[in-house]
Amino acid sequence: MAHIHLVIGSMLGAAEYVAEHVSALLQQAGHDTTEHNPARLDEVLSDSQGIVLVVTSTHGAGDVPDNLQPFYRDLAARKPDLAGRHYGVIALGDTNYDTFCCAGKALDQLFADCGASRIGDRLEIDVTQHEIPEDAAEQWIHDWIPLIG
Ligand SMILES: Cc1cc2nc3c(=O)[nH]c(=O)nc-3n(C[C@H](O)[C@H](O)[C@H](O)COP(=O)(O)O)c2cc1C
């Protein structure tokens, strides 16, 4: 059983709904979950055995949502040593933007720069193709759960 810390970036609620859905599915599979919204870096990292699952949309011109900005800025400024830590990324975006899913990609890169290891592939949900983003996330999480052991 693992403890998954969901780090949520959402302006209008879509990513938040995805995180809540995924959290429920993780719990059904026997894992513990904590939803961090807004996420604080120290709080998220205080569980050294925990797995971080970033669930974020992208806003502005490829920007991290406001509620995730403090976490993102702290991580970028402090670059903690996250060797041995594991994380996953679910990114929501719209392919009409050149900056498709840039917030999720930026968080992914930052965690990797800090030495953390991503579990599985990053999920990128194009909201123009998925009227209900939770459905795409549900498929992905079914494949992700066996990877976390
Ligand atoms: C003002 C605005 C700017 C956006 N900018 C981007 C963008 O740069 N890249 C992208 O992939 N999606 C962009 N989107 C699409 C959102 O990421 C998408 O609608 C997402 O589902 C919103 O999730 P949320 O409700 O959790 O914030 C933008 C949406 C809005 C309304």
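Residue indices begin at 1 and follow the sequence shown. Note that ligands are numbered from 1 as they come in the structure, with each ligand's atoms numbered from 1 the same way.
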*Asks:* So which bit of Tyr97 gets within less than 4.0 Å of ligand 1, heavy atoms only: side chain, backbone, both or neither?
*Replies:* side chain
*Asks:* To which of Thr128, Thr58, Asp98 does the heavy atom nearest atom 13 (C) of ligand 1 belong?
*Replies:* Thr58
*Asks:* Decide if atom CG of Asn96 counts as having more than 12 heavy atoms of other residues, nucleotides or ligands within a radius under 6.0 Å.
*Replies:* yes
*Asks:* Can you check whether Phe100 reaches Thr58 side chain to side chain, under 4.5 Å on heavy atoms?
*Replies:* no
*Asks:* In Å and rounded to the nearest 0.5 Å, what is the OH to CD1 distance from Tyr87 to Ile4?
*Replies:* 15.0 Å
*Asks:* Tell me whether Gly9 has any N or O atom under 3.5 angstrom from an N or O of ligand 1.
*Replies:* no
*Asks:* May I have the step-by-step check of side chain to side chain contact (heavy atoms under 4.5 Å, CB included) for Arg85 and Leu45, ending in yes or no?
*Replies:* CA-CA 9 Å; Arg85 304 245 194 173; Leu45 297 185; 4.0 Å; yes
*Asks:* Can a non-hydrogen atom of Gly13 be found less than 4.0 Å from any atom of ligand 1?
*Replies:* yes
*Asks:* In the protein, which heavy atom is nearest to atom 23 (O) of ligand 1, and how far is it?
*Replies:* Ser57 CB, 3.1 Å
*Asks:* Can you tell me which residue and heavy atom of the protein come closest to atom 25 (O) of ligand 1, and the distance to 0.1 Å?
*Replies:* Ala14 N, 2.8 Å
*Asks:* Going by the order shown, which atoms of ligand 1 are within less than 4.0 Å of some heavy atom of Thr99?
*Replies:* 7 (C), 8 (O), 9 (N), 10 (C), 11 (O)
*Asks:* Nearest non-hydrogen contact with atom 31 (C) of ligand 1 belongs to which option: Glu16, His59, Met11, His130?
*Replies:* His59
*Asks:* NZ of Lys105 to CZ of Arg122: how many Å apart, nearest 0.5 Å?
*Replies:* 6.0 Å
*Asks:* For Pro65, is the nearest heavy atom under 4.0 Å from an atom of ligand 1?
*Replies:* no
*Asks:* Which of the atoms of ligand 1 are close to Leu12, meaning less than 4.0 Å from one of its heavy atoms?
*Replies:* 24 (P), 25 (O), 27 (O)
*Asks:* Report the part of Ala15 in contact with ligand 1, treating N, CA, C, O as backbone and CB onward as side chain, heavy atoms under 4.0 Å; options are side chain, backbone, both, neither.
*Replies:* both
*Asks:* So, is Asp63 polar-close to ligand 1, with some N/O to N/O distance under 3.5 Å?
*Replies:* no
*Asks:* Count the heavy atoms belonging to other residues, nucleotides or ligands that lie under 6.0 Å from OH of Tyr17, then report whether that count exceeds 12.
*Replies:* no
*Asks:* For atom 5 (N) of ligand 1, which protein heavy atom lies nearest, and how many Å away is it?
*Replies:* Gly60 O, 3.1 Å
*Asks:* As an exercise, identify every atom of ligand 1 less than 4.0 angstrom from a heavy atom of Cys101.
*Replies:* 10 (C), 11 (O)
*Asks:* Is Val127 in polar range of ligand 1, meaning some N or O pair under 3.5 Å apart?
*Replies:* no
*Asks:* What pairs with Ala19 under side-chain contact (heavy atoms from CB on, under 4.5 Å), at least two apart in sequence or on another chain?
*Replies:* Leu6, Ile8, Val55
*Asks:* Heavy-atom count around Gln139 CD within 6.0 Å, excluding the residue itself: above 12?
*Replies:* no
*Asks:* Under a 4.0 angstrom heavy-atom cut-off, which atoms of ligand 1 come close to Gly93?
*Replies:* 10 (C), 11 (O), 12 (N), 17 (O)
*Asks:* Under 4.5 Å between side-chain heavy atoms, hopping through other hydrophobics if needed: is there a path connecting Val7 to Ile51?
*Replies:* no
*Asks:* What distance do Thr33 atom OG1 and Leu53 atom CG have between them, rounded to the nearest 0.5 Å?
*Replies:* 10.0 Å
*Asks:* Just heavy atoms, cut-off under 4.0 Å: does Asp94 contact ligand 1 by side chain, backbone, both, or neither?
*Replies:* both
*Asks:* Quick one: salt bridge (Lys or Arg N to Asp or Glu O under 4.0 Å) pairs with a partner in residues 140-149, sequence neighbours left out?
*Replies:* none
